[in-house]
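Note sheet for the following structure.
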Amino acid sequence: MRWTLKPKQDPITVDTLKKALQVDASIATLLVQRGIETYEEARTFFRPSLDDLHDPFLMKDMDKAVARIEAALLQGENILVYGDYDVDGTTSVALLSSYLETKSDQIATYIPDRYDEGYGISYKGIDFAHDNGFSLIVALDCGVKAIDKVDYASEKGIDFIICDHHRPGEVLPKAVAILDPKRNDCEYPFKELCGCGVGFKLIQALASKEGKTVEELSEYLDLVATAIGADIVPIVGENRALAYFGLQVINSQPRPGIQAIIEQVQKDKLTITDVVFIVAPRINAAGRMKHGNYAVTLLTETDAVLAKAYAQEINAFNQDRREADKRITEEALHQITELNEENRLTTVVYDESWHKGVIGIVASRLTETYYRPTLVFTKSGDKLAASARSVSGFDVYNALQACSEHLEQFGGHKYAAGLTLKEENYDAFKQAFEDEVSKTIDRNLLTPEIKIDMCLDLRQVDQKFWRIISQFAPFGPENRTPIFMTENLKDTGYGRCVGGDDKHLRLTATQDGYNIVGIGFNLGDKIDIIKNRKPFNAVYSIDENHWQGQVSLQLKLRDIKS
């Protein structure tokens, strides 16, 4: 594990902010690292407000989208709300359809089948709209590159409104309106909304025409916060405010479908991390194992008893997903050792029986064992399909582009991608990918990195410090949980391995007479470093430990070294 200390911040900026906020230099430094340099920026950060959300009509084409929907509602047109099968897509569809259903009973939803139709807008979906008399499709979390599909719909007399957050191509589809803050000609101030966030801006615009405030739309924010967490968008700016208030809704008055999921895990108060690891996987499991429609049905259900039944069904899909994920990961790891490929610079594995819905998760699991660019293939029709995952700092999309002569198609971004190829090209591609990565990767990137915000003395880790940094939440991209390093620690002598197979490390760190408990998950093999009160350095985050009614601070150890 590589430890990398973040660069020092400008001391004058830190000192100015420290004085303005009357906080310790350590707190001021953490804020400046996050781009917060003034009292006003700090106020917005610590006290998010829905009043800080931007006017939705600043988004390019918002006026056109609102006018077309208003006309459709007035004329009693059939409106089809169309979205992708992942969490962002299904929450988007649930959000917009449930809002529009308060205005009309001519609203229906459509989620494409992951295996039959694939990602995004499909011809099959447009044919469904045409056969059932829909004159307007509102697509969410997809569509910004669907030029041919939108033309096809137009030929059938169907208008399109696209709400997307992916980067558009050079040519845009001929839709009535395209809401996408990443459009080059869109001057919307915040560019990092997820698909559900764009959908929320649309209902905010529609509601404002009726004189409603954004506070009156807070019931939809549980969906937005779930999508923000699941889609791994930066939790800054508008996303921070939407996630902050969305979590309040999740923890106080969530919709019946989300409430039913929470009841399954019996957790009191959810953080954004809990949303990512508890709520999102269950919603995602529907599209992975069965069909995304199950997720939309759960998220739009208003009857608590029915919602409970739907949540149990989705939980069963999630159990199936976990079992498939575990089994396939074990088979893939066995394949790597059987082929003596432990020392390659890439992982490329294939089995025709592997479930297409979980190969992306398996690729992520494999990078936890062999930290290197990874592709997991399975059979898909008459071709092979793969999910690709990368390591921090390496652009897997560029590597695939260099091997594109072997591929049928591919798409994605720096750290995750999807691709297909003909089975007879698999071996040639596998070697070409290994060769390309060997040529281009910095070998340091093949060792996982921990980025450390700052060094602390153990005595600085007190309740006051914790109270302030806990207000940095919700955490996520561009506002990560602060990571600290403390040097020259010793264990008080009671450090031990805990958990099944002694996987975890529990200790009491001491420095200059100040003690604090630390827990290191999966660090049990480092027990020898702390034995006999030998000095060690630790990298950790801080959290609270709740045990038998007692609450105390603890170090959540990320790594330790002699």
Side-chain angles (χ1 to χ4, degrees), residues 82-95 109-120 140-142 165-166 194-197 199 222-233 243 246 250 254-255 257-262 264-265 267 270 272-301 307 310-329 354-365 376 378 385 387-389 412-413 415-418 476-477:
Y82 188 115
D84 190 26
Y85 40 69
D86 68 2
V87 177
D88 196 12
T90 53
T91 52
S92 299
V93 168
L95 176 138
T109 62
Y110 191 95
I111 303 288
D113 184 280
R114 179 189 284 264
Y115 306 104
D116 181 36
E117 296 164 80
Y119 166 77
L140 298 121
D141 190 35
C142 60
H165 69 120
H166 297 101
C194 61
C196 194
D222 53 355
L223 293 170
V224 183
T226 300
I228 286 170
D231 225 53
I232 320 178
V233 290
I250 287 171
R255 64 195 50 242
I258 290 178
Q259 178 65 38
I261 290 175
I262 295 169
Q264 288 175 345
V265 295
K267 194 155 172 68
L270 270 66
I272 203 79
T273 304
D274 295 324
V275 170
V276 171
F277 290 105
I278 293 171
V279 180
R282 286 164 170 78
I283 295 170
N284 238 338
R288 290 186 187 281
M289 307 307 291
K290 200 78 171 179
H291 200 289
N293 282 335
Y294 287 88
V296 174
T297 301
L298 171 71
L299 294 171
T300 53
E301 183 53 61
Y310 296 145
Q312 284 171 348
E313 198 170 26
I314 275 191
N315 195 46
F317 298 150
N318 193 46
Q319 292 295 340
D320 292 346
R321 188 272 304 167
R322 288 168 75 166
E323 286 166 18
D325 154 16
K326 186 171 184 286
R327 176 181 55 79
I328 294 168
T329 300
W354 289 344
H355 196 298
K356 192 179 173 188
V358 299
I359 57 173
I361 300 171
V362 172
S364 296
R365 297 262 188 267
V376 179
T378 189
S387 272
R389 295 292 183 270
H413 52 83
Y415 292 129

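- In this structure, CG on Asn293 lies 13.5 Å from OH on Tyr85, to the nearest 0.5 angstrom.
- Contact detail for Gln259 and Pro254: the closest heavy-atom pair is OE1-CG, 3.1 Å.
- The CG atom of Asp88 sits 4.5 Å away from the NE2 atom of His165 when rounded to the nearest 0.5 Å.
- Between Val233 and Cys194, the closest heavy-atom pair is CG1-CB, 4.1 Å.
- In this structure, Leu223 CG and Arg255 CZ are separated by 3.5 Å, a value rounded to the nearest 0.5 Å.
- Separation of atoms CG (Asp113) and NZ (Lys290) is listed at 11.0 Å; rounding is to 0.5 Å.
- The 12-atom threshold is exceeded at CZ of Arg327, counting heavy atoms of other residues, nucleotides or ligands nearer than 6.0 Å.
- Exactly one of Ile261, Ile250, Val87, Ile262 qualifies for a side-chain contact (heavy atoms from CB on, under 4.5 Å) with Val275. That residue is Ile250.
- Here the OG1 atom belonging to Thr90 is positioned 6.0 Å from the CD1 atom belonging to Ile283, to the nearest 0.5 angstrom.
- Under the side-chain contact (heavy atoms from CB on, under 4.5 Å) criterion, Thr273 pairs with Thr271, Phe277, sequence neighbours left out.
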Do Arg321 and Ile361 pass the side chain to side chain contact (heavy atoms under 4.5 Å, CB included) test, and can you show the C-alpha distance, the side-chain angles, and the key distance before you say yes or no?
CA-CA 10 Å; Arg321 188 272 304 167; Ile361 300 171; 3.5 Å; yes
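- For the residue pair His355/Asp320, the side-chain donor-acceptor check at 3.5 Å is not satisfied.
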Step by step, work out the side chain to side chain contact (heavy atoms under 4.5 Å, CB included) result for Val362 and Trp354.
CA-CA 10 Å; Val362 172; Trp354 289 344; over 6 Å; no
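- Smallest separation of non-hydrogen atoms from Leu299 and Ala94: CB-CB, 3.7 Å.
- Within the 4.5 Å cutoff, the side chain of Val358 has heavy atoms near those of the Met289 side chain.
- The structure places NZ of Lys356 at 12.0 Å from CZ of Arg288, a figure rounded to the nearest 0.5 Å.
- Of the possible donor and acceptor atoms, none in the side chain of Arg389 sits under 3.5 Å from a partner among the backbone N and O of Ser364.
- Side-chain contact check for Ile328 versus Ile359: every heavy-atom pair is 4.5 Å or farther apart.
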Candidate pair Val279 and Asp274, rule side chain to side chain contact (heavy atoms under 4.5 Å, CB included), full reasoning:
CA-CA 7 Å; Val279 180; Asp274 295 324; over 6 Å; no
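- A side-chain donor-acceptor contact under 3.5 Å links Gln264 to the backbone of Ala311.
- No side-chain donor-acceptor contact under 3.5 Å links Glu301 to the backbone of Thr297.
- Within the 4.5 Å cutoff, the side chain of Thr109 has no heavy atoms near those of the Thr300 side chain.
- The heavy-atom pair separating Ala243 from Ile228 by the smallest distance is N-CD1, 4.0 Å.
- Shown here are the side-chain contact (heavy atoms from CB on, under 4.5 Å) partners of Asp84, two or more places apart in sequence or in another chain: Asp86, Tyr119, Asp141.
- The heavy-atom pair separating Pro112 from Gly118 by the smallest distance is CB-O, 3.8 Å.
- Checking side-chain atoms of Tyr115 against main-chain N and O of Gly357 turns up a donor-acceptor pair under 3.5 Å.
- Inter-residue side-chain proximity for Arg282 and Leu298 is flagged as unmet; no heavy-atom pair is nearer than 4.5 Å.
- In terms of heavy-atom proximity, Ala286 sits nearest to Ala295 at CB-N, 3.9 Å.
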